[in-house]
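To start, the structure under review is shown below, and the notes come after it.
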Amino acid sequence: MSYVYDEEERLLYAMGGYVTDEQAERIQKEDSHKQMVTHVMDIDSHEWFTIPSPEYPVSYNLEDPCKRKRVLFRNAFVQRYGHRAAMYDRKIYIYGGSTRPQEGKLSDLSHVECFDLETKSWSIPAIHGYLPNMTMCHASAYNGADWFIHGGFLCGIYLGQFSNSLYHFDMKTKTISMVSPVESEELMKDMYMDCHSMVHMGNCLYVFGGRLKRSFSGINKLSDRLYCFNLKSKKWSLIANQGTSPHPRRGHTATPYKQYMIVFGGCNMESLFHFNDCHFFDTSIFQWFKINILGLRARPRRSHGCVLVDDSLIIFGGTAPKFEAKSDQDLLKLSFNGSQDGALDDISDTIIIEIFPKLKQRCIHVIIDNSLNFRKHLPRHVVQTVDEFIESMGQETNYVYGPVSSK
């Protein structure tokens with residue numbers, strides 16, 4: 001699933017995503033090349049709605065200056081997962097990802113697709129430069145017109161390999177180029193990875209976690225390393241873990257907030273454990289903090305979405321285990337392909353983490369957590385406020401609260 005937040009209209013766009021075997025079988029019967037579904041959340045009302053899939057024909061441009069092979073139109077705008085998105089000038093750009101194989105083959109998703117927020121229409125823009133090889137589960141970060149893509153699991157003729165390359169996409173000029181780091185050869189040998197995260201803060205790109213290249217030999221080796229790429233010097237560096245750093249994981253999210261990088265969730269496929277923890281990395285002092293979250297606990301998950309809105313994190317979707325593993329047989333069911341055994345859930349809830357909860361919100365949680373008889377002693381308008389909050393907790397949007405740092 002890829003996602004962006006439109007600050008102007010206060011709308012959250014979530015595009016595509018992984019579907020279960022049952023859903024995939026149904027989709028294939030309906031349309032062997034199902035077009036991608038776009039879900040939209042109104043930030044103020046917390047309501048989700050769906051933008052209809054594009055109908056054929058739709059505007060597109062196959063005149064590609066990079067002289068790659070022509071893109072088959074039937075492979076455009078199809079349902080996918082493991083792709084990434086960025087937004088600039090009222091347009092959402094998506095790249096890469098994977099579809100479920102059709103007759104043993106994957107659709108070619110090595111082109112950039114564009115969704116115009118004004119016209120609500122899809123197109124394939126002409127891109128200058130050389131596009132990366134088709135990848136899925138790569139890391140992505142954008143700031144203004146600058147969109148960076150790193151690593152990923154290679155598809156197509158390179159299926160089964162990992163990438164450690166860094167690309168820059170100028171969304172203003174629609175030009176893609178490979179970034180050539182200097183004095184970083186040794187460090188980059190350990191940076192073949194996928195399912196990791198990347199944020200763009202100041203003059204640096206921060207890359208955390210992910211699945212490492214050698215994991216494909218049969219042992220799932222995950223990373224807890226934090227790398228920094230300086231955009232001015234074009235050098236990679238490894239940041240030492242100080243403070244309470246996250247455990248090795250993949251499928252987590254990393255979100256920039258002021259001088260912090262916020263890491264939430266993910267899973268460790270070595271221990272088959274899913275996380276619902278939250279860590280802050282302070283880029284001003286290069287130190288990790290584990291955050292003590294108050295209120296409701298979010299369900300552990302991986303491959304979810306997370307966006308920053310004002311001083312809140314909105315977390316949605318993802319995959320979670322149906323039960324806690326208590327035996328070797330349970331562990332086997334919770335393996336990466338465990339969804340076929342019914343051990344994993346594709347979840348659709350929405351969680352809001354208030355980074356700076358207001359005093360009223362903290363008081364409401366004290367009332368709820370201690371089962372206080374608030375209807376007898378509080379004014380009517382306060383009782384109504386608490387009742388409305390309790391009612392919202394029973395819906396699909398839940399609130400949890402956490403401070404900026406833990407003690």
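Excluded from the calculations below are hydrogen atoms, water molecules and symmetry mates; all remaining heavy atoms, backbone and side chain alike, are included.
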Exercise for review: Using ring-ring contact (aromatic ring centres under 6.0 Å, His included) as the criterion, point out the one residue from Phe264, Phe208, Phe275 that pairs with His252.
Suggested key: Phe208
**Study point:** Whether Ser184 side chain and Trp236 backbone form a donor-acceptor pair below 3.5 Å
**Key:** yes
**Study point:** Heavy atoms from other residues, nucleotides or ligands near CD of Glu7 exceed 12 (cutoff 6.0 Å)
**Key:** no
Exercise for review: Find out whether Val307 and Tyr13 are in side-chain contact, i.e. whether some heavy atom of one side chain is under 4.5 Å from a heavy atom of the other.
Suggested key: no
Exercise for review: Look at Asp194 together with Arg250 and state whether they make a salt bridge at an N to O cut-off of under 4.0 Å.
Suggested key: no
Review point. Any sub-3.5 Å donor-acceptor pair from Asp42's side-chain atoms to Glu47's backbone N or O?
Key: no
Revision key, fill the gap. Correct closest heavy-atom pair for Ser2 and Ile94 would be OG-CG2, 4.1 Å
Check your understanding: Going by distance alone, is a donor N or O of one side chain under 3.5 Å from an acceptor N or O of the other, for Thr350 and Trp48?
Key -> yes
Review point. Any side-chain heavy atom of Leu308 sitting closer than 4.5 Å to one from Tyr5?
Key: no
Check your understanding: Any chance NE2 of His247 has more than 12 other-residue heavy atoms, nucleotides or ligands included, within less than 6.0 Å?
Key -> no
Check your understanding: Say you draw a straight line from OG1 of Thr38 to CZ of Phe49; how long is it, rounded to the nearest 0.5 Å?
Key -> 10.5 Å
Practice item. Side-chain contact test, heavy atoms from C-beta onward, threshold under 4.5 Å: evaluate it for Arg301 versus His274 and give yes or no. Key: no
**Study point:** Nearest-0.5 Å distance, SG of residue Cys137 to NE2 of residue His83
**Key:** 10.5 Å
Review point. Just wondering, more than 12 heavy atoms not from Lys120 lying within 6.0 Å of its NZ?
Key: yes
Review point. Any side-chain heavy atom of Ile43 sitting closer than 4.5 Å to one from Leu11?
Key: no
Check your understanding: Are any of the side-chain heavy atoms of Asp6 and Met87 separated by less than 4.5 Å?
Key -> yes
Point to revise | Phe153-Phe162 aromatic ring centre distance below 6.0 Å | key: yes
Check your understanding: Between Ala254 and Val199, what is the shortest heavy-atom contact and its length?
Key -> O-CG1, 3.4 Å
Check your understanding: Side chains of Leu117 and Glu9: closer than 4.5 Å at any heavy-atom pair?
Key -> no
Exercise for review: Determine, step by step, whether Leu212 and Asp190 satisfy the side chain to side chain contact (heavy atoms under 4.5 Å, CB included) criterion, reporting the C-alpha distance in whole Å, the side-chain angles of both residues, the deciding distance to 0.1 Å, and the verdict.
Suggested key: CA-CA 8 Å; Leu212 302 177; Asp190 292 327; over 6 Å; no
Check your understanding: Hey, is the main chain of Ala320 close enough, under 3.5 Å, to the side chain of Asp345 for a donor-acceptor pair?
Key -> no
Review point. What distance do Ile239 atom CD1 and Phe281 atom CZ have between them, rounded to the nearest 0.5 Å?
Key: 4.5 Å
Review point. Can you list the steps and then say if Lys174 with Val112 is a side chain to side chain contact (heavy atoms under 4.5 Å, CB included)?
Key: CA-CA 10 Å; Lys174 295 181 175 57; Val112 174; over 6 Å; no
Point to revise | Parallel, tilted or perpendicular: rings of Trp147 and Phe169 (30°, 60°) | key: tilted
**Study point:** Flag side-chain contact, heavy atom, 4.5 Å: Thr253 against Ile315
**Key:** no
**Study point:** Distance-only donor-acceptor check, side chains Tyr88 and Asp146, under 3.5 Å
**Key:** no
Review point. Going by atom types alone, do His128 and Thr173 pair a side-chain donor with an acceptor below 3.5 Å?
Key: no
Practice item. Considering non-hydrogen atoms only, spot the tightest contact between Ile176 and Pro132 and give its length. Key: CG2-CD, 4.2 Å
Review point. Would a 4.5 Å heavy-atom cut-off, applied to side chains only, mark Asn276 and Ile293 as touching?
Key: no
Point to revise | Minimum heavy-atom distance Asn230-Lys232, with the two atoms named | key: OD1-N, 2.8 Å
Point to revise | Derivation and outcome, side chain to side chain contact (heavy atoms under 4.5 Å, CB included), residues Ile351 and His304 | key: CA-CA 11 Å; Ile351 303 295; His304 51 283; over 6 Å; no
Review point. Is the gap between the ring centers of His150 and Phe229 under 6.0 Å?
Key: no
Practice item. Say whether, by atom type as modelled, one donor and one acceptor occur between the side chain of Thr283 and the main chain of Gln259 under 3.5 angstrom. Key: yes
Practice item. For the pair Tyr257 and Tyr260, name the ring-plane relationship: parallel under 30°, tilted 30 to 60°, perpendicular over 60°. Key: parallel
**Study point:** Rounded distance [0.5 Å steps], SG in Cys306 versus CD1 in Ile262
**Key:** 7.5 Å
Point to revise | Non-hydrogen atoms of Met198 and Phe148 that approach each other most closely | key: CE-O, 3.3 Å
Check your understanding: At their closest point, which heavy atom of Ala86 faces which heavy atom of Met171, and how far apart are they?
Key -> CB-SD, 3.9 Å
Practice item. Would you check if the side chain of Arg249 reaches a backbone N or O of Gly209 as a donor-acceptor pair within less than 3.5 Å? Key: no
Exercise for review: Give, for atom OG of Ser177 and atom CG of Leu131, the distance between the pair rounded to the nearest 0.5 Å.
Suggested key: 11.5 Å
Check your understanding: Between Tyr3 and Phe316, is the gap from one ring center to the other below 6.0 Å?
Key -> yes
**Study point:** Plane angle bin for His138 and Tyr95 - parallel if under 30°, tilted between 30 and 60°, otherwise perpendicular
**Key:** tilted
Check your understanding: Does any N or O in the side chain of Asp44 come within less than 3.5 Å of the main-chain N or O of Arg10, such that one atom is a donor and the other an acceptor?
Key -> no
Check your understanding: Should the pair Trp122 and Phe115 be assigned to parallel (<30°), tilted (30 to 60°) or perpendicular (>60°) ring geometry?
Key -> tilted
Check your understanding: To the nearest 0.5 Å, how far apart are CD in Glu118 and NZ in Lys91?
Key -> 8.0 Å
Practice item. Decide whether Ser312 and Glu354 meet the rule of one side-chain donor and one side-chain acceptor closer than 3.5 Å. Key: yes
